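This report concerns only the one structure given below.
Every number for a ligand or one of its atoms is a count from 1 in the order of the listing. This one's a predicted model, so the numbers in the text were calculated from it and none came from an experiment.
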Amino acid sequence: MLLSLMFLGCASEVSIDIDADKDGLLGSEETELGTDPDAADSDGDGADDGLELESNTDPLDGGEYPYKGGWEIDSCRSDITGEGFGEGETSDDFALSDQFGQEVHLYSFCNRVVYLVFAAFW
Ligand SMILES: [Ca+2]
Ligand SMILES: [Ca+2]
Ligand SMILES: [Ca+2]
């Protein structure tokens, strides 16, 4: 008995959505974000793209990255509009250095109570 098999088909491109650079983001997600799917740290600030997205920092801005001290940055920080420093006004954003020498911004802690202690020593 002669069996003949015939495979009919058409050539098609098969694309598999993978995390080639192991930064926690799939290639399609990186394309949508504009980050480099072949580089874990697109902006070269020392934080992988996936970690930056998770930490609410910009994976395309090398001057912005998760706080080394582990302070969580809230996504609501971009919704705040400062009014000044007068009584009853929403404060403008400002930054102070933490114990790691990194600038920590007030707006990163939106929706939380921030207690500031100022001291002077002579
Ligand atoms: Ca990447
Ligand atoms: Ca980065
Ligand atoms: Ca960044």
Side-chain angles (χ1 to χ4, degrees):
M1 180 186 247
L2 181 63
L3 290 175
S4 64
L5 297 174
M6 181 183 279
F7 292 96
L8 296 174
C10 58
S12 65
E13 272 189 39
V14 177
S15 67
I16 300 170
D17 202 7
I18 59 168
D19 179 10
D21 57 7
K22 309 282 186 227
D23 64 0
L25 299 173
L26 295 173
S28 61
E29 294 172 312
E30 298 230 43
T31 301
E32 193 173 307
L33 289 167
T35 54
D36 187 346
D38 296 318
D41 180 10
S42 293
D43 57 11
D45 62 8
D48 285 359
D49 299 335
L51 176 65
E52 290 220 54
L53 206 63
E54 195 175 281
S55 305
N56 297 311
T57 58
D58 187 349
L60 294 172
D61 180 351
E64 181 180 277
Y65 45 89
Y67 293 133
K68 292 175 182 152
W71 315 109
E72 283 184 39
I73 299 173
D74 204 302
S75 62
C76 62
R77 68 184 176 144
S78 56
D79 301 333
I80 304 170
T81 304
E83 300 168 331
F85 292 103
E87 186 177 334
E89 295 179 332
T90 300
S91 168
D92 287 330
D93 194 22
F94 62 89
L96 297 171
S97 294
D98 68 6
Q99 70 270 39
F100 301 97
Q102 187 175 7
E103 279 195 351
V104 177
H105 292 262
L106 177 66
Y107 284 6
S108 297
F109 304 99
C110 54
N111 286 333
R112 283 179 266 172
V113 175
V114 176
Y115 189 71
L116 298 174
V117 177
F118 293 94
F121 299 96
W122 283 272

Next item on the list: Please find the N/O/S atom of Asp43 nearest to the Ca ion (ligand 2) and write down its name.
Entry: OD1
Margin query: I want to check something: taking the side chain as every heavy atom from C-beta on, are Asp93 and Leu106 in contact at a cut-off of under 4.5 Å?
Written below: yes
Notebook entry, point to check: Given Leu53, which of Asp23, Leu33, Asp48, Asp58 fulfils the side-chain contact (heavy atoms from CB on, under 4.5 Å) condition?
Noted result: Leu33
Notebook entry, point to check: When the ring planes of Phe94 and Phe85 are compared, do they come out parallel, tilted or perpendicular, using 30° and 60° as the limits?
Noted result: tilted
Notebook entry, point to check: Taking both backbone and side chain into account, is any N, O or S atom of Asp48 nearer than 3.0 Å to the Ca ion (ligand 1)?
Noted result: no
Next item on the list: Check for a donor-acceptor pair, side chain of Glu64 on one end and backbone N or O of Asp61 on the other, with a separation under 3.5 Å.
Entry: no
Note to self: What do you get for the angle at the Ca ion (ligand 3) between O on Asp61 and O on Glu64, to the nearest 10 degrees?
What the structure shows: 80°
Notebook entry, point to check: Between OE2 of Glu52 and O of Asp58, what angle is found at the Ca ion (ligand 3), rounded to 10 degrees?
Noted result: 100°
Next item on the list: Could you check which N/O/S atom of Asp21 is closest to the Ca ion (ligand 1)?
Entry: OD2
Checklist line | Heteroatom N/O/S of Asp49 within less than 3.0 Å of the Ca ion (ligand 1) | finding: yes
Notebook entry, point to check: Quick check: does Ala40 have an N/O/S atom under 3.0 Å of the Ca ion (ligand 1)?
Noted result: no
Notebook entry, point to check: For the Ca ion (ligand 1), does an N/O/S atom of Asp41 lie at less than 3.0 Å?
Noted result: no
Notebook entry, point to check: Side chain of Asp17, backbone of Ser28: donor and acceptor closer than 3.5 Å?
Noted result: yes
Checklist line | the Ca ion (ligand 3) to Asp45: nearest N/O/S atom name | finding: OD2
